[in-house]
Enquirer: 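Structure provided below as structure tokens; questions to follow.
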Number of protein chains: 2
Amino acid sequence: MVTIADVARHAGVSSSTVSYVLSGKRSISEETRRRVQISVRELGYHPHAGARALAARRSHVVALMVPLRTDVYVPVMMEIAISVTMAARQHGYDVLLITNDEGPAGVKRIAASGLADGVILMDVELDDERIPVLRAQGTQATLIGLAEDGRGLSCVDHDFAAAGAVCADHLADLGHREIAFIGYGSGVYHRHAGYAERTLTGFRDRAEQRGLRFLHRSCEGTYESTAGTLSRVLADRPGTTGFVVQNEGAIGPLLTLLRMSGRTVPEDASVIALCQDQLAEQFAPRLTAVTGSAQTLGRVAVEQVMRRLAAAGGGDRPADERVLLTPALTIRDSTGPAPRQP
Amino acid sequence: MVTIADVARHAGVSSSTVSYVLSGKRSISEETRRRVQISVRELGYHPHAGARALAARRSHVVALMVPLRTDVYVPVMMEIAISVTMAARQHGYDVLLITNDEGPAGVKRIAASGLADGVILMDVELDDERIPVLRAQGTQATLIGLAEDGRGLSCVDHDFAAAGAVCADHLADLGHREIAFIGYGSGVYHRHAGYAERTLTGFRDRAEQRGLRFLHRSCEGTYESTAGTLSRVLADRPGTTGFVVQNEGAIGPLLTLLRMSGRTVPEDASVIALCQDQLAEQFAPRLTAVTGSAQTLGRVAVEQVMRRLAAAGGGDRPADERVLLTPALTIRDSTGPAPRQP
DNA sequence: TTGTAGGCGTTATCAC
DNA sequence: GTGATAACGCCTACAA
């Protein structure tokens with residue numbers, strides 16, 4: 001292994017000079033800097049991470065704790081993980097992946113061992129057990145999601161309520177009066193700690209403001225479940241012309257079922273989905289959708305931890321940020337003006 | 001921060017004793033061990049990762065390098081990442097997430113800095129630039145996927161050829177004679193370094209052995225693309241009764257299109273998919289599918305690196321393992337006997 | 001069975 | 001602008 005001493009010898013300077021060239025923490029003559037940089041490159045020197053963490057009391061690692069569940073929004077999770085990793089690299093940080101099943105003890109382990117300087121928590125519950133641990137350890141952290149008590153933490157999430165509201169607005173603008181909201185299976189509403197509820201609430205509130213009649217129905221996302229849901233909707237509210245689909249598993253079935261029931265999209269029924277653009281593009285017709293950027297979510301989370309780390313490193317008290325990302329409506333071919341005769 | 005010295009003082013022993021209790025590298029009297037363990041727990045001691053890595057020259061971290069592409073099999077990637085993380089934990093290891101865009105330099109960085117002891121590479125190309133770097137650094141590594149030159153490495157992958165063969169066999173057993181293989185867009189065949197080709201080859205070989213007529217058609221996975229593909233298939237080979245779908249994006253559209261063309265599945269046409277069980281269960285009818293376990297893939301990869309690390313640590317030359325996981329056929333409702341009259 | 005001490009590679013404080 | 005040098009916390013011969 002090539003050490004800082006090797007570089008120093010090669011460049012004809014002391015190892016502290018090499019260290020300072022690399023960290024930029026004191027001014028170095030142009031000449032020396034160049035010599036050192038050349039030596040670094042020639043020898044292929046990379047500082048030993050452990051030694052650095054030990055001496056500087058900073059690991060330059062953030063931990064990302066991901067949920068185990070591979071049900072609802074897996075592709076999004078991966079996208080977040082990747083954007084977190086790339087954003088972290090831009091700050092000179094690496095990302096350690098931790099799974100949720102380690103629970104509070106895992107957070108404690110990571111923090112106490114100095115493995116990571118900061119933590120990003122996904123799939124946060126309203127009253128999350130890991131949060132007190134974070135506080136006790138004095139570890140800088142950001143939540144992706146919203147917790148009840150966010151003191152001492154930053155957090156970022158999609159503005160799901162806004163997403164729901166946008167759906168209501170879009171359909172109302174098109175003249176629809178009776179809407180069905182196809183949600184997740186009932187279990188998800190509890191588990192996801194508000195993720196699903198917030199969307200529904202946002203939709204509901206706006207729908208009421210706009211004078212829409214609407215129905216919310218749980219749906220497991222299978223074909224059978226969607227078929228059952230749709231037939232109940234049409235039985236209860238035959239005049240329904242607008243569908244908001246939250247459960248991405250139900251999208252395909254719903255489109256098929258509408259077609260089979262003789263309804264054309266968007267002439268007879270409009271469908272708006274809460275899903276990623278990539279998915280929305282795959283259907284026929286291409287779906288109007290409301291989407292939040294998973295990439296931005298990850299990036300913002302990293303920037304929040306970095307700011308906290310910088311503040312804490314400078315002796316300041318980090319600010320508790322709380323960011324909600326506004327989702328975007330992309331109008332495609334699955335929504336249109338409400339039909340004259342329902 | 002609580003250090004090993006704190007624990008030693010609290011337990012009334014020397015710090016080396018604490019170290020040995022924790023590592024189990026020498027025999028300790030029952031009495032001492034208990035005292036130390038109690039102190040560890042009471043003080044909430046976790047060894048400082050950096051210090052440990054520095055002294056023991058082992059970071060107890062493996063790096064997992066994931067592809068950036070969020071197109072083909074994202075959910076699978078996440079599943080692998082999670083199973084890698086959990087398997088690693090069982091060996092006392094943590095997982096560092098690295099993105100593919102860092103390329104060979106990233107591998108070098110991780111290895112040279114001692115950040116990770118071993119590396120797991122995903123999305124490997126046949127002639128991958130990262131492999132020589134791994135060799136040069138003497139870093140223990142496992143590939144998820146197959147490379148041309150695997151010397152000095154272990155690797156594990158699904159047996160995609162077997163998966164293709166199983167599809168051919170299943171349809172042949174049911175009496176189908178004309179099969180269409182709905183593949184990925186042409187780009188994927190090159191990019192995925194054999195992943196897609198191997199499936200196709202396996203299918204093709206077995207299909208020939210079994211005397212099947214078949215057609216391979218690329219398909220982008222959108223509705224339009226699938227529609228085009230299907231109509232060409234039916235034009236060229238109206239007698240086609242069996243469909244093998246490799247591109248999971250094409251599954252939904254294909255089912256819809258078959259239905260629209262008046263074909264009932266599985267009475268008039270059988271469909272077998274190469275996709276995860278979870279996805280296969282979502283369609284109507286539930287799909288017969290050939291699946292490999294992403295979880296196993298991750299676990300095996302970890303075990304391979306661990307074995308290599310153990311060997312290298314013991315001064316032995318690690319064995320270059322090469323494992324192909326046999327996929328499983330799950331027969332559901334989308335395949336049945338070939339119709340008498342095509 | 002246990003303790004002592006040297007060293008792992010960096011950073012950062014002091015001195016010049 | 002640059003060099004010594006003392007930590008940082010742990011592991012592991014070497015002693016006892």
Side-chain angles (χ1 to χ4, degrees), chain A residues 1-37 39-40 43-61 92 109 111-115 117 313-315, chain B residues 1-37 39-40 43-61 92 109-117 313-315:
Chain A
M1 132 163 258
V2 31
T3 73
I4 201 173
D6 298 327
V7 177
R9 206 171 309 123
H10 187 272
V13 296
S14 77
S15 59
S16 59
T17 298
V18 176
S19 176
Y20 284 116
V21 167
L22 261 32
S23 71
K25 287 189 181 173
R26 79 178 178 193
S27 49
I28 301 281
S29 75
E30 195 43 44
E31 160 66 7
T32 312
R33 179 201 315 290
R34 271 206 318 101
R35 279 224 313 285
V36 169
Q37 283 169 340
S39 300
V40 164
L43 300 182
Y45 169 71
H46 287 270
H48 186 281
R52 189 157 75 127
L54 183 56
R57 339 201 62 159
R58 281 234 163 171
S59 64
H60 290 262
V61 167
R109 181 176 73 82
S113 67
L115 242 182
D117 300 331
Chain B
M1 133 161 257
V2 32
T3 74
I4 201 174
D6 297 328
V7 177
R9 207 170 310 123
H10 187 272
V13 297
S14 78
S15 59
S16 66
T17 299
V18 176
S19 176
Y20 283 118
V21 167
L22 260 32
S23 71
K25 286 190 180 171
R26 80 177 179 194
S27 50
I28 300 281
S29 76
E30 194 44 42
E31 160 66 5
T32 312
R33 180 201 312 292
R34 271 206 318 102
R35 279 224 313 285
V36 169
Q37 283 169 338
S39 298
V40 164
L43 300 182
Y45 170 70
H46 288 269
H48 187 279
R52 187 159 75 131
L54 182 56
R57 338 198 92 234
R58 281 231 162 173
S59 64
H60 290 264
V61 167
R109 181 176 72 83
I110 297 303
S113 66
L115 241 182
D117 300 330

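So that the names make sense, note that chain A is the first sequence line, chain B the second, and so on, each numbered from 1.
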Enquirer: So which nucleotide from D:dT12, C:dA12, C:dG9 ends up closest to the side chain of A:Ser16?
Expert: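 Taking heavy atoms from C-beta onward, the closest nucleotide is C:dA12.
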Enquirer: How long is the straight-line distance from OG of A:Ser113 back to CE of B:Met1, given to the nearest 0.5 Å?
Expert: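 These two atoms lie 7.5 Å from each other.
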Enquirer: Mapping B:Val13 and A:Val2 onto DNA chain C by nearest heavy atom, which one lands closer to the 5' end?
Expert: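 Between the two, 5'-proximity favours B:Val13.
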Enquirer: Measure the distance from CZ on A:Arg9 to C1' on C:dG9 and round it to the nearest whole Å.
Expert: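 Between C1' of C:dG9 and CZ of A:Arg9: 13 Å.
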Enquirer: If I take atom NE2 in residue A:His48 and atom C1' in nucleotide D:dC10, what distance separates them, rounded to the nearest angstrom?
Expert: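 In whole Å, D:dC10 C1' and A:His48 NE2 are 12 Å from each other.
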Enquirer: Find the distance A:Leu43:CG to C:dG9:C1' and express it as a whole number of Å.
Expert: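 These atoms are roughly 15 Å apart.
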Enquirer: Indicate, yes or no, whether a donor-acceptor pair under 3.5 Å links the base of D:dA4 to the side chain of A:Ser14.
Expert: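 Flag unset: no donor-acceptor pair detected.
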Enquirer: What are the two closest non-hydrogen atoms of B:Ser14 and B:Ala8, and how far apart are they?
Expert: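 Of all heavy-atom pairs spanning B:Ser14 and B:Ala8, the closest is C-CB, 3.7 Å.
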Enquirer: A:Ile4 CD1 to D:dG3 P: how many Å, rounded?
Expert: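 After rounding, the gap between these two atoms is 12 Å.
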Enquirer: Check whether any side-chain heavy atom of B:Arg26 lies under 4.5 Å from a side-chain heavy atom of B:Ser16, and answer yes or no.
Expert: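 A side-chain contact under 4.5 Å exists here.
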Enquirer: Considering non-hydrogen atoms only, spot the tightest contact between A:Ser39 and A:His10 and give its length.
Expert: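 Nearest pair, atom of A:Ser39 first, then A:His10: OG-ND1, 2.8 Å.
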Enquirer: Are A:Lys25 and C:dT11 close enough that a side-chain N or O sits under 4.0 Å from OP1 or OP2?
Expert: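 For A:Lys25, the contact criterion (side-chain N or O under 4.0 Å from OP1 or OP2 of C:dT11) is not met.
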Enquirer: Within a strict 4.5 Å, meaning less than it, do heavy atoms of the A:Asp6 and A:Tyr45 side chains meet?
Expert: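 No, their side chains stay 4.5 Å or more apart.
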Enquirer: Categorize B:Thr3 for me: base, sugar-phosphate, or nothing, with a 4.0 angstrom heavy-atom threshold over every strand shown.
Expert: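 Touches sugar-phosphate only.
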Enquirer: Could you tell me whether the phosphate oxygens of C:dT11, OP1 or OP2, come under 4.0 Å of any side-chain nitrogen or oxygen in A:Ser19?
Expert: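 Answer is yes, contact under 4.0 Å.
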Enquirer: Can A:Glu31 and A:Arg35 be said to form a salt bridge (Lys or Arg N to Asp or Glu O under 4.0 Å), step by step?
Expert: CA-CA 6 Å; A:Glu31 160 66 7; A:Arg35 279 224 313 285; 3.1 Å; yes
Enquirer: Could you tell me if the side chain of B:Leu115 sits less than 4.5 Å from the side chain of A:His46, heavy atoms only?
Expert: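 Heavy-atom side-chain distance check fails, nothing below 4.5 Å.
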Enquirer: In terms of the nearest nucleotide of DNA chain C, which residue is placed more toward the 5' end: B:Ile28 or B:Arg57?
Expert: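 Comparing both residues, the 5'-ward one is B:Ile28.
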Enquirer: Base, sugar-phosphate alone, or nothing: which one does A:Thr32 contact when heavy atoms must sit under 4.0 Å apart?
Expert: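 Result for A:Thr32 = sugar-phosphate.
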Enquirer: Measuring from atom OG1 of B:Thr3 to atom CG of B:Leu43, what distance do you get when rounded to the nearest 0.5 angstrom?
Expert: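 Atom-to-atom, B:Thr3:OG1 and B:Leu43:CG are 9.5 Å apart.
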Enquirer: Would you mind telling me which of D:dG1, C:dC8, C:dG9 lies closest to the side-chain atoms of B:Ala55?
Expert: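 Comparing D:dG1, C:dC8, C:dG9 against the side chain of B:Ala55, the answer is C:dC8.
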Enquirer: Could I get a table of every N or O pair under 3.5 Å where one atom is in the protein and the other is in nucleotides 14-16 of chain C?
Expert:
none

Enquirer: Rounding to an integer number of Å, can you tell me how far A:Arg52 CZ sits from D:dG9 P?
Expert: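 Answer to the nearest Å: 17 Å.
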Enquirer: Give the rounded distance in Å between these two atoms: CZ of B:Arg34 and P of C:dT1.
Expert: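 The answer, rounded to whole Å, is 16 Å.
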Enquirer: Assign A:Ser29 to base, sugar-phosphate, or nothing according to its heavy-atom contacts below 4.0 angstrom with the strands shown.
Expert: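 Sugar-phosphate contact only.
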Enquirer: Starting at atom CG of B:Leu54, determine the distance to atom P of C:dG6, rounded to an integer number of angstrom.
Expert: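 Checked: the CG to P distance equals 17 Å.
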Enquirer: Would you mind reading off the distance between B:Arg58 atom CZ and D:dC11 atom P, rounded to a whole angstrom?
Expert: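 Checked: the CZ to P distance equals 14 Å.
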Enquirer: Is any side-chain nitrogen or oxygen of A:Thr17 closer than 4.0 Å to OP1 or OP2 of D:dT2?
Expert: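 For D:dT2, neither OP1 nor OP2 has a side-chain N or O of A:Thr17 closer than 4.0 Å.
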